Structure formats: C-alpha cells, structure tokens
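Below is one structure; the comments refer to it alone.
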Amino acid sequence: MPSLKVILLGGMQEPGHAAGSTLMGLFGEPEQWQKLVDDPDEYIPLAVHEGMRWIAPIGAVERMATRDVELYGQKIPAGSMVEVVLGSANRDASRFDEPDRFDMERTGRVNQAFGNGEHFCAGHFFARQVQRIMFEELVPALPGSAPTPTRPPRSRAGCSGRRRRCRRAGTRRLPRASRRS
C-alpha cells in the first residue's frame, strides 16, 4: 500500500507543477509551441521529457551518506545528511548544451528529474502520462493560440525559507494565450 500512495500522490502534484513549467518553456520558445501544436503526437512526449529536465518538479532530495566519502575536497562522514540538488544536475553545462534553454528536441542526455538507481521514482510512468494527457487535451482546446507575454512567466524554482528548502518547482504565473486572427 505505501508504494501505491507514493505513485498516486506523488504522481498527481508534481506532474501539475511540471506541466506548468513545460508550458512556460514552450511559451518562451514560440516556434517549439507551434511544432507541438502542429504535430502533438510527435512533440508532446519530447516536450514532457524536456520540461522535466528544464525545471525538475522536485528540486532536491535528502540522502544519508552510507560511508565516509570525499567529494570535490569536501569530506562527508558516514551518517551525514546531504542534499542532492536534482535541478542543478539537470542544468549541468558539461552535460547539456545551453542548459538554461528549453529545447524539446534536445537529444542524447538522460535527466535526473526522477532520480537514479534504487531511488528512481516509482511514479515516473504515471507522472509522464498525466502530463501527456494534459497536453493532449489542452492543444485542441486552444486552436490557433499563441503566448502573449504581456507579463513574463514566473517560476517557483529555487530555494526559500528558514532552512533553504529547494523541494518543489513549478510556475507562479503564465502569460495568457490568445487566439490568432
């Protein structure tokens, strides 16, 4: 039962944040939005994957060091808690060309939005499908629409609070979509 709760609960909130971030990325690159509108079957899966890389819905996770380790000159003793910043890994310039740019046609790189190894997210498939369905329903509902950036989009990405929590990301505000004449 706990795994089902993780899949369903985690698969509902974070995909909503990720869908908003993906839409923000598409609206920031109007030619990519138009490609998605023109060929949703081809581009929806690519946009969902890139959106998860561009602004990971879970920005960071805590892990406990299982053994003493030194990382970039910093000693981390066994039992220490460390914060793994997934959003930063997905913006690593040594792994991604133009990492801050949304590019749904980006190829060849696996992102860390769902973690890795034994900690890979159990709800990854469900989360991707929630976003896919959202875009499949949104695109036909907005025929001839294009972003009108009268107010620039704002992201919730980043750290905040007393303990500098960097857990969740998403959008605070999206530009309105208008129908082209």
Side-chain angles (χ1 to χ4, degrees), residues 1-26 28 43-135 153-172:
M1 187 63 142
S3 293
L4 186 58
K5 285 182 181 178
V6 167
I7 291 169
L8 293 177
L9 296 176
M12 296 301 282
Q13 183 173 352
E14 278 71 23
H17 294 162
S21 298
T22 301
L23 196 56
M24 186 170 78
L26 287 164
Y43 288 105
I44 287 173
L46 298 175
V48 167
H49 182 76
E50 175 65 358
M52 295 294 248
R53 182 208 66 84
W54 191 58
I55 300 180
I58 303 286
V61 294
E62 285 184 344
R63 295 287 181 252
M64 182 182 294
T66 58
R67 59 185 168 80
D68 291 344
V69 66
E70 187 171 321
L71 187 62
Y72 297 103
Q74 179 69 41
K75 293 181 181 180
I76 303 169
S80 296
M81 296 303 292
V82 294
E83 191 93 1
V84 179
V85 185
L86 303 173
S88 179
N90 288 337
R91 297 284 184 107
D92 185 344
S94 70
R95 296 190 45 85
F96 299 101
D97 293 332
E98 296 183 89
D100 295 335
R101 181 175 174 263
F102 183 94
D103 180 4
M104 69 180 175
E105 295 180 288
R106 187 180 303 276
T107 59
R109 294 294 182 180
V110 175
N111 69 57
Q112 295 298 312
F114 293 108
N116 198 346
E118 69 183 59
H119 297 288
F120 192 74
C121 176
H124 70 96
F125 181 79
F126 185 66
R128 287 184 183 111
Q129 298 314 308
V130 168
Q131 284 191 77
R132 177 189 56 80
I133 292 165
M134 187 280 301
F135 278 105
R154 285 186 35 200
S155 170
R156 293 186 324 131
C159 305
S160 64
R162 224 177 30 183
R163 292 190 57 208
R164 304 297 298 163
R165 293 288 183 189
C166 307
R167 298 267 185 244
R168 289 181 171 70
T171 53
R172 287 186 186 268

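Along the sequence shown, the residues carry numbers beginning at 1. Quick caveat, the model's predicted, so the values are computed rather than measured.
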Quick check for you: to the nearest 0.5 Å, what is the distance between Asp103 atom CG and Glu50 atom CD? 6.0 Å
Separation between CD1 (Ile44) and CG (Leu26), nearest 0.5 Å, reads 10.0 Å
Scanning both residues in full, the closest heavy-atom pair of Phe135 with Thr22 reads CZ-CG2, 3.6 Å
State plainly whether the residues Asp68 and Lys75 are in salt-bridge range, i.e. N to O under 4.0 Å. no
To the closest 0.5 Å, what do you measure between CG (Asp100) and CD1 (Ile55)? 10.0 Å
Could you please spell out the steps behind the side chain to side chain contact (heavy atoms under 4.5 Å, CB included) verdict for Met134 and Leu23? CA-CA 11 Å; Met134 187 280 301; Leu23 196 56; 5.6 Å; no
Can you list everything that forms a side chain to side chain contact (heavy atoms under 4.5 Å, CB included) with Arg63? Sequence neighbours excluded, please. Val61, Val82, Val84, His119
Any ring pair (Phe, Tyr, Trp, His ring centres under 6.0 Å) pairs touching residues 51-74, not counting sequence neighbours? Trp54-Phe102
Say whether, by atom type as modelled, one donor and one acceptor occur between the side chain of Arg106 and the main chain of Pro99 under 3.5 angstrom. no
More than 12 heavy atoms of other residues, nucleotides or ligands under 6.0 Å from CG of Asp97: is that the case? no
Rounded at 0.5 Å granularity, tell me how far CE in Met64 sits from CE in Met81. 5.0 Å
Quick one: side chain to side chain donor-acceptor pair (under 3.5 Å) partners of Arg132, sequence neighbours excluded? Gln129, Glu136
Got a second to check how far Gln131's CD is from Arg128's CZ, nearest 0.5 Å? 9.5 Å
